Amino acid sequence: MSTPGNGSVLERVRGLVREVAKFGAVGGLGVLVNLGVFNLIRHTTDLQVVRASVIATVVAIATNYLGFRYFAYRDRAKSGRTRELTLFAAFSAVGLVIENGVLYTATYGFGWDGPVATNVFKFIGIGTATVFRFWSYRTWVFKALPPAAEVEPIPGPAPLPRPDRRPEPQPEPEPAPAAS
């Protein structure tokens with residue numbers, strides 16, 4: 001995945017594209033779950049629009065966590081699950097408020113509460129919240145692992161010290177001839 005500060009610009013862009021694709025795959029499934037549960041609740045119960053939407057969003061959040069943890073961000077740090085879940089829940093709650101705030105405004109602020117209008121504004125809310133969720137999840141929840149430290153090769157054994165070279169023996173001077 002994209003890790004700031006390492007690799008060329010092209011490598012980082014490719015990593016970001018892969019990350020967005022995986023996030024989109026999980027998010028796409030979440031959108032289907034969200035809209036499916038929302039419409040199921042709307043057509044089978046008398047719950048108000050925003051309440052049905054909140055329930056659907058919570059179900060989609062649970063589905064998305066599994067997809068993000070075990071697919072999109074499976075290569076990210078796995079330590080501190082409690083921290084991860086807490087941050088995921090907190091940022092998902094902010095996303096829930098963004099998503100359902102759009103629907104609330106359309107429904108109760110403008111009176112657009114027909115079946116098509118509620119689905120359109122639910123979808124717009126999901127899209128708006130997705131931008132926030134992508135940024136927050138990748139920045140705070142599923143942090144990139146630090147780049148692998150470059151390991152210097154272990155040097156081989158130190159060369160043994162070479163003994164000082166002894167000077168080569170000099171030929172002994174020839175004895176002087178004996179005087180007779």
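Keep in mind the model is a prediction, meaning the values are calculated, not measured.
In this structure, I98 CD1 and L103 CG are separated by 14.0 Å, a value rounded to the nearest 0.5 Å. Of the inter-residue distances, the one linking L29 atom CG with T63 atom OG1 reads 6.5 Å to the nearest 0.5 angstrom. With values rounded to the nearest 0.5 angstrom, W112 atom CH2 is found 10.0 Å from T105 atom OG1. Between R138 atom CZ and F68 atom CZ the span is 12.5 Å, to the nearest 0.5 Å. Atom CG of residue L35 and atom CG of residue L40 lie 12.5 Å apart, to the nearest 0.5 angstrom.
When atom types are taken as modelled, the side chain of T45 and the backbone of R42 share no donor-acceptor pair closer than 3.5 angstrom. Checked by atom type and distance alone, the side chain of S53 never pairs as donor or acceptor with a backbone atom of V49 at under 3.5 Å. Checking side-chain atoms of N34 against main-chain N and O of G30 turns up no donor-acceptor pair under 3.5 Å.
For the residue pair I41 and A52, the shortest heavy atom distance occurs at CG2-CB, 3.5 Å. In terms of heavy-atom proximity, A56 sits nearest to V37 at CA-CG1, 3.7 Å. What you find for N100 and K122 is that their closest heavy atoms are OD1-NZ, 4.1 Å.
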Fill in: Audit row: F88, Y137, ring pair (Phe, Tyr, Trp, His ring centres under 6.0 Å) steps and yes/no
CA-CA 7 Å; F88 185 84; Y137 293 165; 4.7 Å; yes
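A heavy-atom distance below 4.5 Å is found between the side chains of I55 and L47. Residues Y65 and L85 form a side-chain contact, since some pair of their non-hydrogen atoms from C-beta on lies under 4.5 Å apart. The side-chain heavy atoms of F38 and T118, taken from C-beta on, include a pair separated by under 4.5 Å.
Within a 6.0 Å sphere centred on CZ of F123, heavy atoms belonging to other residues, nucleotides or ligands number 12 at most.
Both F91 and V54 belong to a common hydrophobic cluster when Ile, Leu, Val, Met, Phe, Trp and Tyr are linked at side-chain heavy-atom distances under 4.5 angstrom. In the hydrophobic clustering of ILVMFWY residues, with side-chain heavy atoms under 4.5 Å counting as a link, L16 and L10 come out apart. In the hydrophobic clustering of this structure, W140 groups with I61; members are Ile, Leu, Val, Met, Phe, Trp, Tyr whose side-chain heavy atoms approach within less than 4.5 Å, directly or through other members. In the hydrophobic clustering of this structure, F71 groups with V141; members are Ile, Leu, Val, Met, Phe, Trp, Tyr whose side-chain heavy atoms approach within less than 4.5 Å, directly or through other members. No chain of hydrophobic side-chain contacts below 4.5 Å, direct or via other Ile, Leu, Val, Met, Phe, Trp or Tyr residues, connects V20 to V131.
Of the residues listed (T57, T130, T128), the one engaging E99 in a side chain to side chain donor-acceptor pair (under 3.5 Å) is T57, and it is the only one. The one candidate from Y70, F23, Y73 that meets the ring pair (Phe, Tyr, Trp, His ring centres under 6.0 Å) condition with F142 is Y73.
Salt-bridge check for R14 with E11: failed, with every basic side-chain N at 4.0 Å or more from each acidic carboxylate O. The existence of a salt bridge linking R76 and E19 is confirmed by a sub-4.0 Å separation between a basic side-chain nitrogen and an acidic carboxylate oxygen.
Taking the six-membered ring where the residue is Trp, F132 and W135 present tilted rings, their angle falling between 30° and 60°.
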